[in-house]
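One-based numbering along the sequence shown.
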Amino acid sequence: MSEMHDERRDLIDYLDFHVEAGVDLTLDERPHDRFAEIQPGVEEAGFREEPKARAPTSPRPALAVQAPTASPPIQTFGRSASARPEVAAGDARAQAKDCSTLAELEALLATFDGCPLKFTAKNLVFADGNPDAKLMFVGEAPGADEDRIGKPFMGRSGQLLDRMMAAIGLDRTKAYVTNIVPWRPPGNRNPTPQEVAICRPFIERQIELADPDLIVCLGSPATQALTGTKDGILKARGRFFPYQVGNRQIRALAALHPAYLLRQPVQKRLAWRDLRLLRNALDGKA
């Protein structure tokens with residue numbers, strides 16, 4: 001009985017490891033031989049069959065050589081998704097500028113195909129909380145729980161963020177929560193600089209439409225994307241950076257991401273200092 005319990009516990013630990021690594025679904029119940037699925041006539045580079053030796057034959061009349069026809073371009077997820085990142089970012093900026101409300105911006109993101117992350121994610125993760133609040137939290141990208149639910153900060157890091165807000169008398173009715181990238185990167189990896197560049201016009205327009213008085217940049221990717229600093233988060237945290245919105249300047253506070261605090265609980269003492277600094281700023285004391 002004890003051996004069966006140990007095997008069950010080992011199996012659960014094994015599954016938990018894969019979930020933490022980003023493996024949150026299986027593709028099929030049975031393995032497939034992908035080499036057998038190659039279309040007939042398609043030769044794989046390096047695996048061409050050597051031609052068999054033939055007996056010499058009498059020369060034949062020369063035939064007119066036709067120029068090879070150009071093969072059609074490889075299709076990806078869509079015209080915008082296959083474009084260069086700078087082209088997709090320019091397309092994003094042009095479209096985001098025309099949005100006059102947050103609802104219009106969310107609807108635009110639902111149809112935008114310039115970021116390949118859209119096609120590996122389950123859901124668009126736009127925002128949560130109160131868009132009329134004067135405080136805005138900005139993280140880096142959704143995780144597996146957020147991707148499944150369609151709202152930011154829904155998993156363990158979201159629960160910790162809720163407790164952090166509660167420690168200074170806040171909740172999601174008094175804050176607006178979002179990410180710089182609205183689609184989950186595969187395996188919960190950090191978004192690449194190209195992916196951030198494509199999505200930056202959307203988060204910039206989202207901040208402009210929400211018009212908060214204070215922004216909290218959670219983690220290094222969000223801090224660097226919105227403030228332009230090259231410092232790591234441990235050096236940048238606890239500092240206010242200017243964020244320009246039109247003719248108005250908003251203060252942006254760099255802070256540790258809740259997911260980082262879950263991995264490094266000893267750093268919660270630094271997070272508490274940042275929370276007290278945030279509370280003083282909201283009260284007009286900092």
Side-chain angles (χ1 to χ4, degrees), residues 76-142 146-147 150-153 175-185 190-230 240-254:
T76 57
F77 304 114
R79 184 176 60 183
S80 297
S82 61
R84 296 190 302 272
E86 60 271 18
V87 175
D91 187 30
R93 190 169 302 280
Q95 295 186 51
K97 184 175 60 176
D98 294 334
C99 296
S100 57
T101 65
L102 289 169
E104 289 181 6
L105 184 62
E106 183 175 6
L108 169 61
L109 276 166
T111 60
F112 182 75
D113 65 351
C115 182
L117 288 178
K118 174 182 179 179
F119 304 96
T120 57
K122 294 185 180 70
N123 287 299
L124 168 69
V125 181
F126 184 67
D128 192 30
N130 182 4
D132 296 323
K134 294 304 178 182
L135 173 63
M136 187 173 184
F137 288 92
V138 182
E140 57 190 61
E146 291 80 8
D147 186 36
K151 291 184 178 181
F153 289 93
Y176 188 50
V177 184
T178 188
N179 289 296
I180 57 173
V181 172
W183 295 287
R184 179 200 180 197
N190 288 338
T192 66
Q194 292 79 12
E195 291 160 354
V196 172
I198 293 172
C199 296
R200 182 181 287 115
F202 297 120
I203 184 60
E204 290 176 348
R205 186 59 176 158
Q206 191 173 1
I207 293 173
E208 188 175 2
L209 293 172
D211 195 29
D213 290 335
L214 275 170
I215 300 173
V216 178
C217 303
L218 296 170
S220 183
T223 299
Q224 294 179 352
L226 295 182
T227 69
T229 182
K230 301 299 182 183
F240 284 103
F241 295 84
Y243 183 84
Q244 196 72 29
V245 178
N247 297 325
R248 182 168 176 254
Q249 194 174 87
I250 300 173
R251 292 201 296 171
L253 175 65

Sidechain N-carboxylate O distance under 4.0 Å for D211, R248: yes
What are the two closest heavy atoms between [X] and [Y], and how far apart are they?
| X | Y | value |
| --- | --- | --- |
| A96 | L108 | N-CD2, 3.8 Å |
| D98 | A94 | OD2-O, 3.5 Å |
| I198 | G114 | CD1-O, 3.8 Å |
| T192 | E195 | N-OE1, 2.9 Å |
| L117 | P185 | CD2-CA, 3.7 Å |
| D147 | A121 | OD1-CB, 3.6 Å |

Distance, nearest 0.5 Å, that separates [atom1] of [X] from [atom2] of [Y]:
| X | Y | atom1 | atom2 | value |
| --- | --- | --- | --- | --- |
| T178 | F153 | OG1 | CZ | 9.0 Å |
| E146 | L124 | CD | CG | 13.0 Å |
| Y243 | L253 | OH | CG | 15.5 Å |
| E204 | R93 | CD | CZ | 5.0 Å |
| T101 | E106 | OG1 | CD | 10.0 Å |
| E104 | R205 | CD | CZ | 9.0 Å |

Whether W183 and F112 hold their rings parallel, tilted or perpendicular, with breakpoints at 30° and 60°: parallel
Over 12 non-hydrogen atoms of neighbours within 6.0 angstrom of NZ in K151: no
Residues I203, I207; criterion side-chain contact (heavy atoms from CB on, under 4.5 Å); working and verdict: CA-CA 6 Å; I203 184 60; I207 293 173; 4.2 Å; yes
Side-chain touch P182/C199, heavy atoms, less than 4.5 angstrom: yes
Under 3.5 Å, sequence neighbours excluded: what are the donor-acceptor pairs made by side chains of residues 125-141?
unit_1	atom_1	unit_2	atom_2	d
D128	OD2	R172	NH1	2.9
N130	OD1	D132	N	2.9
N130	ND2	T173	O	3.1

Which atom pairs, one a donor and one an acceptor, fall under 3.5 Å between side chains of residues 215-224 and the rest of the protein, sequence neighbours left out?
unit_1	atom_1	unit_2	atom_2	d
S220	OG	Q224	NE2	3.1
T223	OG1	G219	O	2.8
Q224	NE2	D231	O	3.2

Inter- and intrachain pairs under ring-ring contact (aromatic ring centres under 6.0 Å, His included), touching residues 204-225, at least two apart: none
Check against side-chain contact (heavy atoms from CB on, under 4.5 Å), I180 and R200: CA-CA 7 Å; I180 57 173; R200 182 181 287 115; over 6 Å; no
Side-chain (K118) to main-chain (A110) donor-acceptor, under 3.5 angstrom: yes
